[in-house]
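Index from 1, following the sequence.
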Amino acid sequence: MTDDKVWSGLQTCKRYNVKTACMKPYHIPFARKVLEGSPVLICPSYAMLESYRLMQADLTDEEIVKLCEICSSIPVAFIKTSTGYGFTKLPSGDYNCKGATIHQLELVRKHTSENAQIKAAGGVRTLDDLLRIRALGVTRAGATATEAILKEAIRRGIGEVKVKVEVPPFRDEGQSGNELRDSTG
């Protein structure tokens, strides 16, 4: 990622007061200068303190459950579902990031201690995606579409003041290339 793209992303973080800006470690000195005086925290993308990353795209349900049980026994503060970097070829021929499915997120929440937070990375591309995963108990999301998601939230009247929002139903597998869908059919 170029410095210009990182700078642009950091400006978005400041404009919308996001919790953390995640990036490759070599961009951290640059980010510190850009974010100076802002409340936005910096997080290296290779790890979160006291966290464990599940590469759920390569795991069976049983393996996901076992890893969640292990993480709960340690305990960890966060379980991150993916790096958000695994690409898969879609039926259309396009390639898309292979993020967690709704089924996998449900497994993680069900088999993880209530004390551990869940961060979903990969596949969160719209406000509706974000609302769906939040309804499942996911507390953080990694998204490159942050600005589009936040603009849509503002358009719908969602902001710093609590409002009641309707969570849209989950899509069927065939409706979109987005991985945040109900994979149980």
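A search for side-chain contact (heavy atoms from CB on, under 4.5 Å) contacts involving S73 returns nothing, not counting sequence neighbours. Legend: residues meeting side-chain hydrogen bond (donor to acceptor under 3.5 Å, both in side chains) with N115, ordered by chain and number and at least two apart, are absent. Scored by the side-chain contact (heavy atoms from CB on, under 4.5 Å) test, R156 finds L127, D128, L131, E152, I158 as partners (sequence neighbours excluded). Considering only residues two or more places apart in sequence or on other chains, S8 meets the side-chain contact (heavy atoms from CB on, under 4.5 Å) condition with none of them. Remark: T139 engages Q117 in a side-chain hydrogen bond (donor to acceptor under 3.5 Å, both in side chains) (not counting sequence neighbours). The side-chain hydrogen bond (donor to acceptor under 3.5 Å, both in side chains) search around H111 returns none, not counting sequence neighbours. For E69, there are no salt bridge (Lys or Arg N to Asp or Glu O under 4.0 Å) partners, not counting sequence neighbours. Every residue two or more places apart in sequence or in another chain that forms a side-chain contact (heavy atoms from CB on, under 4.5 Å) with D4 is listed here: T2.
Hydrophobic clustering keeps L41 apart from L10 (ILVMFWY residues linked when any side-chain heavy atoms are closer than 4.5 Å, directly or through intermediates). If you chain together hydrophobic residues whose side chains sit under 4.5 Å apart, L35 and Y26 never meet in one group.
Looking at heavy atoms from C-beta onward, K24 lies out of side-chain contact with V6 at the 4.5 angstrom threshold. Side-chain contact between V124 and V138 is absent, with no heavy-atom pair separated by less than 4.5 Å. Between D3 and H27, the closest side-chain pair of non-hydrogen atoms falls below 4.5 Å. At least one side-chain heavy atom of I102 sits under 4.5 Å from a side-chain heavy atom of E106. Side-chain contact between P44 and I28 is present, with heavy atoms from C-beta onward closer than 4.5 Å.
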Side chain to side chain contact (heavy atoms under 4.5 Å, CB included) assessment of R109 paired with E114: CA-CA 8 Å; R109 181 69 284 166; E114 288 296 319; 4.2 Å; yes

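For H103 against D61, the heavy-atom pair with the smallest separation is NE2-OD2, 2.7 Å. Across every non-hydrogen atom of V167 and R132, the tightest pair is CG1-CA, 3.9 Å. For the residue pair R125 and A145, the shortest heavy atom distance occurs at O-CB, 3.6 Å.
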Sequence neighbours left out, cut at 3.5 Å: what donor-acceptor pairs do the side chains of residues 15-23 make with other protein atoms?
from, atom 1, to, atom 2, distance (Å)
R15, NH2, T12, OG1, 3.3
R15, NH2, E147, OE2, 3.0

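Between the S72 side chain and the S113 main chain, a donor and an acceptor come within less than 3.5 Å of each other.
Atom NZ of residue K119 and atom SG of residue C43 lie 6.0 Å apart, to the nearest 0.5 angstrom. I79 CD1 to T112 OG1: the interatomic distance, rounded to the nearest 0.5 Å, is 3.5 Å. Atom CG of residue L107 and atom SG of residue C68 lie 7.5 Å apart, to the nearest 0.5 angstrom.
Note on residues 29-42: no pairs pass salt bridge (Lys or Arg N to Asp or Glu O under 4.0 Å), not counting sequence neighbours.
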